[in-house]
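For reference, the structure is listed below as structure tokens.
Values below: every heavy atom of this structure, side chains too, minus hydrogens, waters and symmetry copies. The sequence lines fix the lettering, A, B, ..., with proteins before strands; numbering per chain opens at 1. A quick note: this is a predicted structure, and the numbers were derived from the prediction, not measured.
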Amino acid sequence: MFRLVPTYRSRHISRSLPSLQARCTLFSASASASENFLQHTSDGGSAQGIDFDGLFKSCNRVHGAKLLHALVVVSGKAQSVFFSGKLVNVYAYLGDVSFARRTFDHIPNKDVYTWNSMVSAYVRTGHFREAVDCFYRFFLTSGLQPDFYTFAPVLKACKNPLDGMRIHCVVLKFGFEWDVFVTASLVHMYTRFGAFSYARKLFDDMPVRDMGCWNAMISGYCQNGNAAEALDVLNEMRLEGVIMDPVTIVSILPICAQSDDILNGMLIHVYAIKRGLEFDLFVSNALINMYAKFVKLANAQKVFDNMVVRDVVSWNSIIAAYEQNDYPDRALALFYMQLTGISPDHLTLVSLSSIVAQLGGSRSAKSVHGFVMRRGWIQKDVISGNSVVDMYGKLGDINSARAVFDAQPVKDVVSWNTLITGYAQNGLASEAIEAFDLMQEYKEVAPNQATWVGILPAYSSVGALRQGMRVHGLSIKTSLYFDIFVGTCLIDMYGKCGELDDAMTFFYEVPKMNSVPWNAIISCLGIHGHAEKAIKLFRVMREEGVKPDHITFVSLLSACSHSGLVEEGQWCFNVMKEEYGIEPILKHYGCMVDMFGRAGLLEMAYNFIKNMPIKPDASVWGALLGACRIHGNVDLGAIASERLFEVDSENVGYYVLLSNIYANIQKWEGVDKVRTQARDMGLRKTPGWSSIEANNKVDIFYTGNQSHPKCEEIYKELRSLNAKMKSLGYVPDYSFVLQDVEDDEKEHILMSHSERLAIAFGVLNTPPKTPIRIFKNLRVCGDCHNATKYISKITEREIVVRDSNRFHHFIDGVCSCGDYW
DNA sequence: ATAGGGTTAG
């Protein structure tokens, strides 16, 4: 027997707005009726003549349900399956699983209806495992026959294919396979596990299909990333003369966005208008989301404005549309508008976290955090917790981010990715690596592409080539396709870890439709000192019609400045302004000044600064000061430092530069003056660190680090190296030490610089004659640069140092950068 | 009395 029940329409209508309003008005009646009645019975009255039917129907809040429950108990009807079963169902409808469960447990002679209601209570509240177990208990212990209503909820609840197939067996055992509702649920269940051929077979074998079956098949394909098949079924459906209903439209619209098919999306919009579905709540919501994905914000806004009824999804969608397309202010304004009508849900707060992260403001962050916490969303919803972690991470408050992360009872792969990325983007590479290592101990979270994109930059910033390569291997194993973002991170990782050839190989493999991969390779070429090649690639990029952005030009200009290509640099600067209309920012000006300065064109650099349309900051004056040091120009150095200290008087690095300028021409009173000046300021010191990867482990050294386990050996090695260096003519340059101490103390301070600790560690812990690779987060200190030349000669090692600027290759006492450190 | 397929996400 095939059962085809035309209940779809009627149910749809029953959930429409007027009926909800009816429920709302009835609620107060129900609550007060129950209250009056309880009053009545406690005064000694009887339970006769109560309209239970009406009360059950009108009960739409948990408060009302509890009064009703009390009413059932005092009327002596608690033993009746009929009444208790109804109570279970009311609690299920209201989503109060614990009361449903308590009521259910007290019913001695449960019927199918009661079991069905209990299962759906679990499903509604997201207790999927419990729902499936409850179904098994029903099937194995109750001895009752399942009915038409039994299977759909439990099929929705099952989260693994094994349960799905077991339930399928039960369906077959009781002969329900020809029920359209049950089969539609089976179809959808199989698509959820990617068992498309199973699903398709069931679907094809159906002798009669209603709208729900078509939609189950189509949405099954849509939600599981099978767009082409979804469209095939859609066509088949049209050929059979079945027309799309709102559910079909709502399933197919996200597919249009996914497959970048705006034409199809707009055709469906037109179709919806023609069929009078334009104002359907779900259809409108889906349209807003689709237009947002295509960055057609005006269209999205128009759909939103035209809506007659808006629910929380509508508001969330329009807010997210603005938030995700860089209009946080507009999104925030809409959020305040929403507050006056509909109360926000957890997804509203996800958008709000991102808005706060974009707009900044630690106080707003705390309020968002508090709001989410008070509602218990961090405890019961991973996404809410993740978005708060992300917000703190983006605002740079990584400690708060970590605290929220630690408080999350359930962590999924996104939680870990958010934490790792938060560390990496706040410059805390070793913390990011630690978090990634910890993540791998939890076997149930499998890293994905976002994980690789989070961790690879951390490895490239500390130069952990071996571990980066391991992640490269893992990413190949776990990814089904070659991802452009991972590809770009691999370019960056190999390039910054010194393997330029591998970086180039990856560059040729990734799709290059936007500037991101180009920027990565251009910047790698630049730090390797290959400015000509960088410019050549830039020309190719232009020929291929890829639009460069301001990062492209920062990379190009810094490449030119490191290689002394002044004319090419000026050409780039002009192309940027004139051809691409990109207004230069301070970084570009800094690169230009650095470029002129290094090339010895100090006057030109100074004039360039004087002609800047925006106020130069410390980095620009710092570039000039650095150039004055290289070329020993004391007068301009004095001007530059004066201007520099007007905008930033706390950065110790600049005092070091100035003192070095004076020391180079033996103006010791100048050195003393700078030293005093520096001491009188409250100096801010960016902690310098250097890292080295040896034996598959990254060791990080901070300047003067005494806590490393191999500390004693390292200092012993450094003392012995120091003696050998001196015999070859090394003279420590004390002008790099600003502390006012005795000379031998200064020598010790120089020796304790992080880069030297790392090099000594490398000498001790890698096989003789193998190259030593060091990474330093700041510029290499001038004395260390000099010392490294001697060390490379003494130890007969190639030493590669990458600092915040570029690579320095030390071979046999010579550095590839000349002495432009 | 109860049931399937639908929109938003870090």
Query raised in the report: Can you check the A:Leu287 CG to B:dT8 P distance for me, whole Å?
Result: 12 Å
Requested in this report: May I have the distance from A:Gln258 (atom CD) to B:dT7 (atom P), rounded to whole angstrom?
Outcome: 12 Å
Report task. Taking side chain to side chain donor-acceptor pair (under 3.5 Å) as the test, write out the residues that go with A:Arg330, two or more places apart. Result -> none
Report task. Report which part of the nucleic acid A:Lys411 touches: base, sugar-phosphate, or nothing (heavy-atom distance under 4.0 Å, all strands). Result -> nothing
Query raised in the report: Can you check whether A:Tyr122 and A:Phe128 have ring centres sitting under 6.0 Å from each other?
Result: no
Report summary line: Against the side chain of A:Leu347, the closest entry in B:dG6, B:dT8, B:dA1 is B:dT8
**Report entry** Which nucleotide in B:dA1, B:dT2, B:dT8 has an atom nearest any side-chain atom of A:Asp111
**Finding:** B:dA1
Query raised in the report: Reckon A:Ala152 touches a base, only the sugar-phosphate, or nothing at all at heavy-atom distances under 4.0 Å?
Result: sugar-phosphate
Query raised in the report: A:Ser185 near the nucleic acid: base, sugar-phosphate alone, or nothing, with a heavy-atom cut-off under 4.0 Å?
Result: sugar-phosphate
Query raised in the report: Rounded to the Å, how far apart are A:Lys156 NZ and B:dG6 C1'?
Result: 11 Å
Query raised in the report: Below 4.0 angstrom from OP1 or OP2 of B:dA3, is there any side-chain N or O of A:Arg124?
Result: yes
Query raised in the report: Mind pulling the stems DNA chain B is in, i.e. runs of at least three Watson-Crick or G-U pairs, everything under 3.5 Å?
Result: none
Report summary line: The nucleotide from B:dT2, B:dT7, B:dG4 with an atom nearest the side chain of A:Tyr113 is B:dT2
Requested in this report: Check the distance between B:dG6's P and A:Leu253's CG and give it to me in whole angstrom.
Outcome: 14 Å
Report summary line: To the nearest angstrom, the CZ-P distance between A:Phe176 and B:dA3 comes to 16 Å
Query raised in the report: When all nucleic acid strands are considered with a 4.0 Å heavy-atom cut-off, which category describes A:Asn116: base, sugar-phosphate, or nothing?
Result: base
Query - A:Thr421: partners by side chain to side chain donor-acceptor pair (under 3.5 Å), with sequence neighbours left out - result: none
Query raised in the report: What does A:Asn417 touch in the nucleic acid at a heavy-atom separation under 4.0 angstrom: a base, only the sugar-phosphate, or nothing?
Result: nothing
Query raised in the report: Base, sugar-phosphate alone, or nothing: which one does A:Val350 contact when heavy atoms must sit under 4.0 Å apart?
Result: sugar-phosphate
Report task. Taking salt bridge (Lys or Arg N to Asp or Glu O under 4.0 Å) as the test, write out the residues that go with A:Asp412, two or more places apart. Result -> none
Query raised in the report: Of all residues at least two apart in sequence or in a different chain, which pass the side chain to side chain donor-acceptor pair (under 3.5 Å) check with A:Asn289?
Result: A:Ser317
Please report, to 0.1 Å, the donor-acceptor pairs under 3.5 Å made by any side chain of residues 368-379 of chain A, with sequence neighbours excluded.
from	atom 1	to	atom 2	distance (Å)
A:His369	ND1	A:Tyr392	OH	2.9

Report task. Classify the nucleic acid contact of A:Asn289 as base, sugar-phosphate or nothing, counting any heavy atom under 4.0 Å across all strands shown. Result -> sugar-phosphate
Query - Geometric cation-pi criterion A:Lys296 and A:Tyr291, 6.0 Å radius, 45° cone - result: no
Query raised in the report: Are A:Glu130 and A:Lys159 close enough for a salt bridge, meaning some N to O gap below 4.0 Å?
Result: no
Query raised in the report: Picking from B:dT8, B:dG4, B:dA3, which would you name as closest to the side chain of A:Tyr149?
Result: B:dA3
Report task. Round to the nearest Å and state the distance from A:Trp115 atom CH2 to B:dA3 atom P. Result -> 18 Å
Requested in this report: Specify the separation, in whole Å, of atom OH of A:Tyr291 and atom P of B:dT8.
Outcome: 16 Å
Query raised in the report: Mind checking whether A:Phe405 and A:Trp416 have ring centres under 6.0 Å apart?
Result: yes
Query raised in the report: Contact class for A:Asp311 (heavy atom, under 4.0 Å): base, sugar-phosphate, or nothing?
Result: nothing
Requested in this report: Identify whether any heavy atom of A:Arg192 sits under 4.0 Å from a base atom; if not, whether one sits that close to sugar-phosphate; answer base, sugar-phosphate or nothing.
Outcome: nothing
Report task. Mind checking A:Thr418 for me? I need base, sugar-phosphate or nothing, with any heavy atom below 4.0 Å counting as a touch. Result -> nothing
Query raised in the report: A:Ile268 CD1 to B:dG6 C1': how many Å, rounded?
Result: 13 Å
Query raised in the report: Which residues satisfy the salt bridge (Lys or Arg N to Asp or Glu O under 4.0 Å) test with A:Lys201, sequence neighbours excluded?
Result: A:Asp205
Report summary line: Sorted by chain and number, sequence neighbours left out, salt bridge (Lys or Arg N to Asp or Glu O under 4.0 Å) with A:Arg101 holds for A:Asp105
Query raised in the report: In residues 217-227 of chain A, which ones come under 4.0 Å of DNA chain B, going by heavy atoms?
Result: A:Ser219, A:Gln223
Report summary line: Testing B:dT8, B:dA3, B:dG4 for proximity to the side chain of A:Cys213, the answer is B:dG4
Query raised in the report: Closest to the A:Asp210 side chain: B:dT7, B:dG4, B:dT2?
Result: B:dG4
**Report entry** Any A:His188 side-chain N or O less than 4.0 Å from OP1/OP2 of B:dG6
**Finding:** yes
